[in-house]
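If you're wondering where the values come from, they're calculated on a predicted model, not measured in any experiment. In what follows, chains are A, B, ... by sequence order, proteins preceding strands, each numbered from 1.
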2 protein chains.
Amino acid sequence: MVQNEKITINDIARRTGLSKGTVDRVLHNRGEVSRKSYARVMEAIQELGYEPNIFASLLAKGKKHLIAILLPAHESGTFWDLAVSGIALTTDSVTSAGLETKLFEYDQYDIDSFRSAGAAVLEAEPSGVVLAPMFQEATTALTEQFQERGIPYCFIDSRPDTNGYLAYFGMPLHKSGYLCADQLTRGQDVSSVLIIRVRRDRYQQSDPTVNRRSGFLDYMLEHAPECKIDNVFIDPNDPAGIDQVLESFFAGHPDVHHIVMFNSRIHLVVPFLRSHPDPERRVVGFDNLKANMEALRDGTVSVLICQRPEEQVRLAIEALAEHAILGKLPARKDHFMHMDILTRFNVEDY
Amino acid sequence: MVQNEKITINDIARRTGLSKGTVDRVLHNRGEVSRKSYARVMEAIQELGYEPNIFASLLAKGKKHLIAILLPAHESGTFWDLAVSGIALTTDSVTSAGLETKLFEYDQYDIDSFRSAGAAVLEAEPSGVVLAPMFQEATTALTEQFQERGIPYCFIDSRPDTNGYLAYFGMPLHKSGYLCADQLTRGQDVSSVLIIRVRRDRYQQSDPTVNRRSGFLDYMLEHAPECKIDNVFIDPNDPAGIDQVLESFFAGHPDVHHIVMFNSRIHLVVPFLRSHPDPERRVVGFDNLKANMEALRDGTVSVLICQRPEEQVRLAIEALAEHAILGKLPARKDHFMHMDILTRFNVEDY
DNA sequence: AGAGCTTCCGTGTCCGTGCACGATTTTTTC
DNA sequence: GAAAAAATCGTGCACGGACACGGAAGCTCT
């Protein structure tokens, strides 16, 4: 594999009897080359197996590629906080490969803030964009702009039904619900399960928990059809209300020991669970938020199912970088991340 | 964060009134610089916040760094096969950053083949080496050579008690045994467990399973002290013998439903288990070998605990690359990988 | 004081590619 | 068929750094 003799653009020039300027024009499809010369150059490139020297190229053009990352504001301890931390994973290995990343944030409950953040992205003229589709139509409107300008973009977390994206990195949602059900009930005779849900803001269009819930219910139908499934709704911004809701539910259902929540906010109900211990209880939630992992350590939560959002971001950035610098397309479009099972016994080195 | 004006070596030269040649000598500690000039240059570098342009550097010196990877031969379907596949993960993002990887293989049961592979590595004059310590003294002898020549090296999988390595990437072994026990027995009243072991070749010095077993036993002592633990030994090269050993064991112990194996070869006993079904059985093994994952899919194995050997290799190579190219030391020396829990429900996208 | 040595430093070339500019050839136009 | 326009091509510098080479200055020694 040791490529001793590096073929350069000059070798091609000499071989074809043309100049490196012409070869360069061919390489970049910049026109102003006769059909005949073009063919000769292409032939020589094939024969000699020419590969451009990226360093020389990057050095000469001096241009830094900008990868824009468009995500909901990463308030500390939220899911998006995890995603943002994935940006740092690339700065060493790839920023050093001539590109720069810039984070654009918006309020995930305010569609206007999304629109203006999108406008800011366009203004920055990035070579690629990583984004999570929160507002469906607004996202489509934005990606259409990307298409027009030839800006490639990758989705993470979830994915709309459009088709122009370069790649997608996310969790198989339906399967994650299935896995979740197995972790919650396997090996036990479960007669009743409680699903805790969050009332969605009407602006929030894209909701991954829908698919998870359906995977969960499919599993239960197959493995424990007689199991009763209750739902309660909580408001994330009203801690007292959460306690109240749960209090009244368990007053009426003291026999329910299995609890599940399909978004990343299981930590919201942890205070209640801590103050109402139940040795038979089993709780499954999603995503490795700090607060969730804390609850895993002390045993309040039994299992967390995690999707490595940092990896999703890292891989998306790398895919865009390879596209921008080397012009490569990813092998596949859709990349489903592994679903990690976290328990108190393997939470430490995560 | 947009570094508009890139500071170059020429800026430093102009600022200090010296020439770029001198600045270069300072940057590389190549001597032939007066104390005074040295100080002035260092000061200017600080003030202006100079950072070398890696592309220009790589281009100018033209030298490709070689990262040697020294591992047991990766016969298809073995643990080392997984590790080797991690090499490919770096070729896109990092080979494009000016380095080349080369795999050196040896027979893990033949210490002489290890020695000669080590000699081959030295001869190749690599900028860094990734290796797994199989033979203790021979490994130490080799790493001492690395030290003498200033070649940095990283351990993966396990780690000797020496101290000269750049970084280590591996699984927390004791914890993995602990986790294993929990996955095997949690939520059930287990009265008896079978550990299947492989007789070690006498040359094989480094044995990660020892620590795993001790973690396992610690868990059992804490959580199920009255549980009986049996051991049987099998010979990997004698399939008929394996069947025989298990046959006779289960003839005498029909009440044992929980089986564990601390190395990657649970697949060796899968044929027997398949032909002797037991609905109450629970089996836990290690590592995502193809055959193991197959057994997970069909339910013969309940859980696999995996350590992402590809990631270990990738991270080790990246650490060495950063050291070779940028001169950076990794933030920590010891990196414990997460222990992944695989069940039939999350094996697909692994 | 001049030869011989160190020590220190500047100049210049090269790495491989991008691109602007101008030169040359071919084609079009009248 | 000459002038004008278009198509095609070559030259040369720039990017930022590595390193060889040779020159200047200071020192020691006879």
Side-chain angles (χ1 to χ4, degrees), chain A residues 3-42 44-45 48-65 95-99 127 324-327, chain B residues 3-42 44-45 48-65 95-99 127 324-327:
Chain A
Q3 192 85 9
N4 267 337
E5 300 300 326
K6 259 288 183 183
I7 308 292
T8 77
I9 192 174
N10 287 304
D11 297 323
I12 306 289
R14 209 169 320 120
R15 178 69 115 85
T16 56
L18 294 161
S19 76
K20 69 192 182 105
T22 304
V23 176
D24 184 69
R25 275 182 284 265
V26 171
L27 286 172
H28 297 80
N29 283 316
R30 218 173 314 119
E32 307 198 359
V33 176
S34 71
R35 200 174 298 279
K36 203 171 63 181
S37 300
Y38 185 90
R40 275 204 297 178
V41 169
M42 290 305 273
I45 288 177
L48 302 186
Y50 167 77
E51 283 187 16
N53 182 319
I54 315 159
F55 312 130
S57 171
L58 251 18
L59 173 61
K61 89 173 99 190
K63 189 179 152 199
K64 279 211 163 195
H65 288 283
T95 284
S96 62
L99 86 179
S127 309
I325 298 176
L326 309 176
Chain B
Q3 194 83 10
N4 266 336
E5 300 300 324
K6 258 291 183 182
I7 308 293
T8 78
I9 191 174
N10 287 305
D11 297 322
I12 306 290
R14 209 171 318 121
R15 178 70 113 88
T16 56
L18 293 161
S19 75
K20 65 187 183 124
T22 304
V23 175
D24 185 70
R25 274 183 285 266
V26 172
L27 286 172
H28 296 81
N29 281 318
R30 219 177 308 124
E32 308 198 1
V33 176
S34 70
R35 199 172 299 279
K36 203 171 60 177
S37 299
Y38 184 91
R40 275 204 297 178
V41 170
M42 290 306 273
I45 288 176
L48 302 185
Y50 167 76
E51 283 187 15
N53 181 319
I54 316 159
F55 311 130
S57 170
L58 251 19
L59 173 61
K61 91 172 96 191
K63 190 178 151 197
K64 280 211 164 196
H65 289 283
T95 284
S96 62
L99 86 179
S127 308
I325 297 175
L326 309 176

Worksheet, complete the sentence: By salt bridge (charged side-chain N to carboxylate O under 4.0 Å, His left out), A:Arg30 pairs with (sequence neighbours left out) A:Asp24
Worksheet entry | Sequence neighbours excluded - salt bridge (Lys or Arg N to Asp or Glu O under 4.0 Å) pairs with any residue from residues 10-23 of chain A | A:Asp11-A:Arg14, A:Arg15-A:Glu47
Practice prompt. Give me the bend of the helix from C:dA1-D:dT30 to C:dC30-D:dG1, using the axes of the five pairs at each end, rounded to 10°.
Written response: 50°
Worksheet entry | Nearest-Å distance for atom pair NZ/C1', residues B:Lys6 and D:dG17 | 13 Å
Worksheet item: Where do A:Lys6 and A:Glu51 come nearest, in terms of heavy atoms and distance?
Response: NZ-O, 4.4 Å
Worksheet item: What integer distance in Å separates B:Phe55:CZ from D:dA14:C1'?
Response: 17 Å
Discussion item. Just verifying a value: how many Å separate A:Met42 CE and A:Leu27 CG, rounded to the nearest 0.5 Å?
Written reply: 8.0 Å
Worksheet, complete the sentence: Sorted by chain and number, sequence neighbours left out, side chain to side chain contact (heavy atoms under 4.5 Å, CB included) with A:Ala56 holds for A:Asn53, B:Leu59
Worksheet item: Which of residues 20-39 of chain A sit near DNA chain C, with a heavy atom under 4.0 Å from it?
Response: A:Lys20, A:Asp24, A:His28, A:Arg30
Worksheet item: Within this structure, what is the CG-to-C1' distance between A:Leu58 and D:dG17, rounded to whole angstrom?
Response: 15 Å
Worksheet item: Whole-Å distance between D:dG10 C1' and A:Ile9 CD1?
Response: 13 Å
Worksheet entry | Nearest-nucleotide comparison on DNA chain C, the residue closer to the 5′ end among B:Ser19 and B:Lys61 | B:Ser19
Worksheet entry | Range on DNA chain C touched by chain A - first to last nucleotide, heavy-atom distance under 4.0 Å | C:dG16 to C:dC19
Response to the item:
In short, A:Thr16 meets A:Ala44 closest at the heavy-atom pair CG2-CB, 3.7 Å
Practice prompt. Could you tell me the separation between the OH atom of B:Tyr50 and the CD1 atom of B:Ile7, rounded to the nearest 0.5 Å?
Written response: 10.0 Å
Discussion item. Restricting to salt bridge (charged side-chain N to carboxylate O under 4.0 Å, His left out), what partner residues turn up for A:Arg40, sequence neighbours left out?
Written reply: none
Fill in: Residues that B:Ser37 engages under side chain to side chain donor-acceptor pair (under 3.5 Å), provided they are two or more places apart
B:Ser34
Worksheet item: What residues form a side chain to side chain donor-acceptor pair (under 3.5 Å) with B:Ser127, not counting sequence neighbours?
Response: B:His65
Worksheet, complete the sentence: Between the OG atom in A:Ser19 and the CG atom in A:Asn10, the distance rounded to the nearest 0.5 Å is 9.5 Å
